Number of protein chains: 2
Amino acid sequence: MPFPVPPPSHANCTGAMRSVRDALDLLGGKWKLPIIVGLSNGPQRFKQLQREVAGITAKMLSKELKELEINGLITRQVDAATVPVAVTYTLAAYGNTLFPVIEALHAWGREHRIRIMHSGETTAPKASRVVEVVA
Amino acid sequence: MPFPVPPPSHANCTGAMRSVRDALDLLGGKWKLPIIVGLSNGPQRFKQLQREVAGITAKMLSKELKELEINGLITRQVDAATVPVAVTYTLAAYGNTLFPVIEALHAWGREHRIRIMHSGETTAPKASRVVEVVA
DNA sequence: CCGTATCCTCATCGATACTG
DNA sequence: CAGTATCGATGAGGATACGG
């Protein structure tokens, strides 16, 4: 039983895989990780964050922040006292529970890049788009 | 320094995040995981695999298998002796190195689902599309 | 059986302009 | 500053048909 598939019968892998898919969906996309990392350096205003996450548009930032907030990973505070209003985003404590996940992805990805680059030097399945080996 | 961001300066998060993005890209998409899980039950012929991974088209299966093979996660063997040819796909030993990653995603996703369902029962940010809470 | 070729739909993301 | 609205490009993924 190599992978987290509860019953010997492989019929309902769906159940076991839903959790993985959930996590993947939450971290997937182009901007979720950069935003989380950006906020891991401390609370940020909207515009600050946009500068930090280089290349993101206001539309995407707004949309992604909404999803992250709904999932409890970040917190949104509005200071209406100022003019114009100031909005601060903070990585919620719950956001730190992602650390092991990100660490696992990071560790594997790093090793994989090394492996792919080495196999490219020797002889291996031709890598047309292995994983975007840049340099 | 909460997350794997090497220098105190947050300027070049890109380097640290590339590995994560690589891993995410490799596991992302709709079919990668189901295929890997399917093959974790043992070697499979193309058609067998297509039946096991319910809903996938031949086109997608072919495409995904190619990517997985290029990245060394699976192996492709052709038995040209038979008519018609028989092709067998096997989860490579290297494929098992993904286990910790999948396990981390699985563990977090499971806890998150529980958390979201609970917060939905009490009072929390309205979840319009929290993470597709089905039931 | 093992795929590939074509065409199509739809979600994601970017660019730009605009409001409170 | 903190977003929203609108349009357009792009790519993932599906349906169907066909070839080796």
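Bear in mind the structure is a predicted one, so any value in this text is a computation, not a measurement.
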May I ask you to evaluate whether A/Lys30 reaches the phosphate of C/dG14, defined as a side-chain N or O under 4.0 Å from OP1 or OP2?
-> yes
Tell me: CD of A/Gln44 to C1' of D/dA2, nearest whole Å?
-> 15 Å
Kindly say if B/Arg45 contacts the phosphate of C/dC2, meaning a side-chain N or O under 4.0 Å from OP1 or OP2.
-> yes
For atom NZ of B/Lys63 and atom P of C/dT6, their distance in whole Å | 17 Å
Residues in side chain to side chain contact (heavy atoms under 4.5 Å, CB included) with B/Pro100, at least two apart?
-> none
Return the set of residues passing side-chain hydrogen bond (donor to acceptor under 3.5 Å, both in side chains) with A/Arg76 (not counting sequence neighbours), or none when no residue passes.
-> A/Tyr89
DNA chain C stem ranges, 3 or more consecutive Watson-Crick or G-U pairs under 3.5 angstrom | C:3-20 with D:1-18
Please identify each residue that fulfils side chain to side chain contact (heavy atoms under 4.5 Å, CB included) with B/Lys59, with sequence neighbours left out.
-> B/Thr57
Taking atom C1' of D/dG13 as reference, at what distance in whole Å does atom CD of B/Glu64 sit?
-> 9 Å
note: A/Leu49, atom CG; D/dG3, atom P; distance rounded to Å ~ 11 Å
Can you figure out which of D/dT4, C/dT4, D/dG13 approaches the side chain of A/Ser62 most closely?
-> D/dT4
Return no unless some side-chain N or O of B/Lys66 is found under 4.0 Å from OP1 or OP2 of C/dC2.
-> no
Under 4.0 Å: is that the gap between some side-chain N or O of A/Tyr89 and OP1 or OP2 of D/dG3?
-> yes
For B/Ser62, what residues pass the side-chain hydrogen bond (donor to acceptor under 3.5 Å, both in side chains) criterion, not counting sequence neighbours?
-> none
Can you figure out which of C/dC2, D/dG13, D/dG3 approaches the side chain of B/Lys47 most closely?
-> C/dC2
Taking only residues two or more places apart in sequence or in another chain, which ones pass side chain to side chain contact (heavy atoms under 4.5 Å, CB included) with A/Ala58?
-> A/Phe46, A/Gln50
Determine whether the side chains of B/His112 and A/Asn71 contain a donor N or O and an acceptor N or O closer than 3.5 Å.
-> yes
Would you kindly give the CD-to-C1' distance between A/Gln50 and C/dG14, to the nearest whole Å?
-> 13 Å
Can you find a pair of side-chain heavy atoms, one from A/Asp79 and one from A/Val87, that are under 4.5 Å apart?
-> no
Not counting sequence neighbours, which residues clear side chain to side chain contact (heavy atoms under 4.5 Å, CB included) with A/Arg115? List them please.
-> B/Tyr94
If we only count heavy atoms from C-beta on, is the B/Leu49 to B/Leu65 side-chain gap below 4.5 Å?
-> yes
Kindly point out which of D/dG13, C/dC2, C/dG14 is positioned nearest to the side chain of B/Arg76?
-> C/dC2
Scan nucleotides 15-20 of chain C against the protein and return all N/O pairs shorter than 3.5 Å with their distances rounded to 0.1 Å.
none

